[in-house]
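Reviewing the structure listed below.
Remember, predicted model here, so these are calculated numbers, not experimental data. The figures that follow rest on heavy atoms only: side chains count, while hydrogens, waters and symmetry mates do not.
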Amino acid sequence: MCGIFAYLNYNVGRERRYVLEVLLNGLRRLEYRGYDSAGIAIDSDLTLEAQNDNGKCKPYHSSSPLVFRQEGKIESLVTSVYSAVDKLDLDLEKLFLVHAGIAHTRWATHGVPAPKNSHPQSSGEFDEFLVVHNGIITNYEVLKQTLVRQGFKFESDTDTEVIPKLAKFVFDQARDGEGGVTFSQVVMEVMRQLEGAYALIFKSPHYPNELIACKRGSTLILGVNELGGETSRHLFHDVKALTSNEKPKDLFFSSDLCAIVEHTKNYAAIEDNEIVHIKDGSVSILRFDNEKEMPASVQRALSVLEMEVEQIKKGDFDHFMKKEIHEQPGSLTTSMRGRLKNGIVGLGGLKDHMRTIRRSRRIIFIGCGTSYHAALAARPIMEELTDIPVTMEIASDMLDRKALIFKEDTAVFVSQSGETADTLHALEYALENGALCLGVTNTVGSTLARKTHCGVHINAGCEIGVASTKAYTCQIVVMVMIALAIGSDKLSTLAKREAIIADLTKLPEQVHDVLKLDGEMKVLAKSLIDEQSLLMFGRGNNYATALESALKVKEVALMHSEGMLAGEMKHGPLALVDEHLPIIVIATRDDSFSKQQSVIQQLHARKGRLIVMCSKGDASLVCPDGRSRVIEVPQVVDCLQPIINIVPLQLLAYHLTVLRGYDVDQPRNLAKSVTTQ
């Protein structure tokens with residue numbers, strides 16, 4: 001969804017051009033989250049006009065903010081920024097020892113994509129308060145009506161605009177009274193009035209060279225780079241003590257670690273209801289409590305980011321999606337590293353809760369989209385190895401139905417980002433009902449990782465493409481390992497567990513072999529480029545493969561595609577079959593193989609246009625007359641076969657998208673991290 005980025009340099013000279021480029025490049029790193037407009041705010045020069053067109057003087061003595069907002073891609077914003085700089089005759093070489101800038105990419109929820117609806121949103125003339133926001137304010141209409149009665153005029157259609165105007169209202173009320181008011185006091189009073197989920201960054205000329213960030217529900221990261229290489233030696237110190245010095249430093253706020261990794265590896269995850277105030281180069285963290293007038297000071301140590309800059313670059317690939325598909329042998333290796341030793345699975349994140357999990361009445365997999373499909377792929381082996389019933393829940397539907405959850409249940413929440421709004425709301429619901437909550441996520445420090453009782457990180461590495469590829473396969477591997485760990489006390493499944501572990505060690509190499517089908521998938525994509533629809537039939541372990549491959553085609557190639565349970569073929573879908581509609585049938589070797597052979601025969605009898613995926617050497621068994629196109633893949637143990645099978649179909653979706661001329665990494669209308677319901 002929306003992306004937030006802010007940069008404050010302290011006691012180190014930075015040219016205005018440098019500040020602009022840091023902010024704009026921060027937005028480029030957040031592009032993958034999905035957006036339709038962007039904006040930034042920096043400081044102007046004091047020499048600029050101190051009055052507006054009506055002769056009214058600005059109500060502060062510091063330099064006025066310059067706000068740039070633009071609909072469309074970030075490069076459109078870049079063009080408009082430098083065009084405006086030329087018109088203003090702004091000195092790009094001017095040096096700032098301290099400067100605070102904020103930036104934002106917007107994914108429209110309230111109001112169409114347009115400059116007026118882009119962020120930063122302003123309090124009004126003179127831009128006394130500026131805010132960038134990720135999330136949704138649920139009571140904005142009530143706040144807006146109140147502010148309109150107080151004389152405020154609204155220019156945008158957003159929910160965000162109430163926030164800076166509310167800040168100005170609070171500031172003016174306090175200033176009219178006795179004494180002054182601090183920036184953090186203003187923000188605290190604003191938070192007291194807001195309902196919903198949000199991450200916010202405030203900038204104000206009333207408080208020059210200061211930034212304040214706060215959050216409730218949405219992710220926000222603080223990055224610290226103390227210049228001179230000293231930071232890493234004091235990581236376990238409180239961040240306020242660490243930054244309370246005159247040493248030159250760069251400080252960052254971001255909604256994603258990917259945007260700060262090229263600047264620093266030292267970060268702190270901001271918790272819900274915390275206010276982070278940067279002033280005079282020092283970082284103060286306060287915990288807001290709606291029932292208390294004064295906030296409590298919070299101590300927080302920095303963490304070290306285990307990510308390399310190369311992970312957020314395309315390298316030799318044209319697109320992130322293709323890069324991430326080809327990274328899967330490495331990402332799978334990383335997911336398993338240190339967790340498979342001498343034929344035993346060790347998952348430290350579950351160790352303290354293993355007895356409770358084994359005694360569960362049932363296991364509930366909860367997720368959305370690709371994460372739901374990964375859980376669906378892992379369900380059969382979870383049931384087989386644990387003898388515990390496993391049910392599936394789409395997070396939004398579970399909440400709509402208020403599905404029954406009991407304290408004897410183990411709820412497994414699966415989310416690549418760890419910030420998926422529906423999944424997090426479902427987590428809150430499960431916690432309220434007393435279930436043991438286990439998280440499977442790719443994002444260290446995410447809300448899901450922090451709020452679940454226990455969990456496992458998939459360690460897939462940074463995934464930039466909106467359409468998930470390597471995270472999907474790593475999620476399946478991790479959930480298979482969870483099943484192995486839970487069922488490790490059962491002698492009856494020993495042989496199956498040993499077979500799975502043996503194939504897990506060979507899995508990266510097998511995926512590497514499957515990637516050699518890249519050229520073949522491009523040829524297949526060329527034959528499908530003009531089609532309007534594509535069906536995928538799977539069953540058993542590969543029902544999830546059919547759903548996930550269809551989703552990939554929908555997401556990026558913008559082609560209608562439907563994943564179907566092959567066992568349901570005769571209950572309606574068979575009516576669609578003719579010689580024109582392309583159908584992919586997944587028929588690799590498992591317990592459902594003979595049934596899939598029957599499905600293929602029935603489709604052939606209706607002159608179906610088939611593309612059959614089968615295990616190597618089985619082409620003559622699935623297509624004895626040679627009439628169908630065949631994709632042959634290596635055979636592995638049944639529960640790991642979905643990982644092998646999805647890779648050629650990911651490549652197919654990729655090549656279809658490129659050939660059809662669509663944006664692979666940022667498909668229209670979609671966001672990487674869905675932080676709104």
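- Between the Ser297 side chain and the Leu286 main chain, no donor and acceptor come within less than 3.5 Å of each other.
- Between the side chain of Asp665 and the backbone N or O of Gly465 there is no donor-acceptor pair closer than 3.5 Å.
- Within a 6.0 Å sphere centred on CG of Asp86, heavy atoms belonging to other residues, nucleotides or ligands number more than 12.
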Steps toward side chain to side chain donor-acceptor pair (under 3.5 Å) verdict (Thr219, Glu419): CA-CA 7 Å; Thr219 302; Glu419 302 296 341; 2.4 Å; yes
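- Between Phe171 and Phe129, the gap from one ring centroid to the other is short of 6.0 Å.
- With contacts defined as side-chain heavy-atom distances shorter than 4.5 Å, the pair Ile163/Gln121 does not qualify.
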His457 and Asn442: CA distance, side-chain angles, deciding distance, side-chain contact (heavy atoms from CB on, under 4.5 Å) verdict: CA-CA 5 Å; His457 288 107; Asn442 192 35; over 6 Å; no
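- Proximity of Val556 to Tyr654: side-chain heavy atoms (C-beta onward) are nowhere separated by under 4.5 Å.
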Working for side-chain contact (heavy atoms from CB on, under 4.5 Å), residues Val131 and Ser122: CA-CA 7 Å; Val131 169; Ser122 171; over 6 Å; no
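- The backbone N or O of Ser417 lies less than 3.5 Å from a partner atom in the side chain of Thr443, making a donor-acceptor pair.
- Looking at every heavy atom in both residues, Ser118 comes nearest to Ala38 through CB-O, 4.1 Å.
- Heavy-atom minimum distance, Asp256 versus Cys258: OD1-N, 2.9 Å.
- Looking at heavy atoms from C-beta onward, Cys214 lies in side-chain contact with Tyr198 at the 4.5 angstrom threshold.
- Side-chain contact annotation: Glu71 with Ser37, donor-acceptor N/O pair under 3.5 Å absent.
- When all heavy atoms of Ala259 and Leu30 are compared, the closest pair comes out as CB-CD2, 3.9 Å.
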Residues Glu161, Ser156; criterion side chain to side chain donor-acceptor pair (under 3.5 Å); working and verdict: CA-CA 7 Å; Glu161 194 179 0; Ser156 79; 2.7 Å; yes
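- The cationic atom of Lys168 (NZ for Lys, CZ for Arg) does not lie both less than 6.0 Å from the six-membered ring centre of Phe152 and within 45° of the ring axis.
- Between His263 and Phe5, the angle of the ring planes lies from 30° to 60°, which puts this pair in the tilted group.
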Side-chain donor-acceptor distances from residues 182-190 under 3.5 Å, at least two apart:
unit_1	atom_1	unit_2	atom_2	d
Thr182	OG1	Ser184	OG	3.2
Thr182	OG1	Gln185	N	3.2
Thr182	OG1	Gln185	OE1	3.3
Gln185	OE1	Thr182	N	2.9
Glu189	OE1	Arg192	NE	3.3
Glu189	OE2	Gln193	NE2	3.1

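- Shown here for Pro205 and Ser63, the closest heavy-atom pair between the two residues is CB-O, 3.8 Å.
- A donor-acceptor contact shorter than 3.5 Å links the side chain of Arg69 to the backbone of Pro120.
- Taking 4.5 Å as the limit, some side-chain heavy atom of Lys73 sits within range of a side-chain heavy atom of Gln666.
- The residues Glu274 and Arg300 are annotated as salt-bridged, a charged nitrogen and a carboxylate oxygen being separated by less than 4.0 angstrom.
- Salt-bridge check for Glu324 with Lys470: failed, with every basic side-chain N at 4.0 Å or more from each acidic carboxylate O.
- Scanning all heavy atoms of the two residues, the minimum distance from Arg106 to Gly111 falls at NH2-O, 2.9 Å.
- Using a 4.0 Å cut-off between charged side-chain N and carboxylate O, Glu75 and Arg28 make a salt bridge.
- Between Ile74 atom CD1 and Thr79 atom OG1 the span is 12.0 Å, to the nearest 0.5 Å.
- Taken from NE2 in His133 to OG in Ser255, the straight-line distance is 11.5 Å, to the nearest 0.5 Å.
- A salt bridge links Asp43 to Lys203: at least one charged side-chain nitrogen sits closer than 4.0 Å to a carboxylate oxygen.
- Annotation: side chain of Leu27 is not in contact with side chain of Tyr35 (no heavy-atom distance under 4.5 Å).
- For the atom pair CZ (Phe252) and CD1 (Ile221), the distance works out to 14.0 Å, reported to the nearest 0.5 Å.
- Taking the side chain as every heavy atom from C-beta outward, Phe154 and Val162 approach each other to under 4.5 Å.
- Applying the salt bridge (Lys or Arg N to Asp or Glu O under 4.0 Å) test to pairs two or more places apart or on separate chains, those with a residue in residues 210-221 are Lys215-Asp272.
- A donor-acceptor pair under 3.5 Å is formed between the side chain of Asn139 and the backbone N or O of Glu195.
- When each of Thr420, Thr423, Thr370, Asp422 is tested with Ser415 by the rule side chain to side chain donor-acceptor pair (under 3.5 Å), just one qualifies, namely Thr420.
- Within the structure, the side-chain hydrogen bond (donor to acceptor under 3.5 Å, both in side chains) test picks out the following pairs touching residues 12-27 (sequence neighbours left out): Tyr7-Arg14, Arg14-Asp250, Arg16-Asp45, Arg17-Glu93, Glu21-Tyr82, Asn25-Glu262.
- In this structure, the side chain of Asn266 does not engage the main chain of Val304 through any donor-acceptor pair within 3.5 Å.
- Environment of NZ in Lys279: sparse, with no more than 12 heavy atoms of neighbouring residues, nucleotides or ligands closer than 6.0 Å.
- Atoms CE and CD1, from Met191 and Ile212 in turn, are 10.5 Å apart once rounded to the nearest 0.5 Å.
- The existence of a salt bridge linking Lys116 and Glu155 is excluded, since no basic side-chain nitrogen approaches an acidic carboxylate oxygen closer than 4.0 Å.
- Using a 4.5 Å heavy-atom cutoff, the side chains of Leu97 and Val12 are not in contact.
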Stepwise side-chain contact (heavy atoms from CB on, under 4.5 Å) test for Arg175 and His206: CA-CA 11 Å; Arg175 192 169 53 177; His206 290 293; 3.7 Å; yes
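- Closest heavy-atom contact between Leu211 and Ala100: CG-CB, 3.7 Å.
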Working for side-chain contact (heavy atoms from CB on, under 4.5 Å), residues Leu20 and Ile42: CA-CA 8 Å; Leu20 272 173; Ile42 59 171; 3.9 Å; yes
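- To the nearest 0.5 angstrom, Ile285 atom CD1 is 6.5 Å from Leu222 atom CG.
- Using a 4.5 Å heavy-atom cutoff, the side chains of Val664 and Lys322 are not in contact.
- In this structure, Lys323 NZ and Met321 CE are separated by 14.0 Å, a value rounded to the nearest 0.5 Å.
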Glu463/Ser468 under side chain to side chain donor-acceptor pair (under 3.5 Å): CA gap, chis, key distance, verdict: CA-CA 7 Å; Glu463 191 176 63; Ser468 181; 3.0 Å; yes
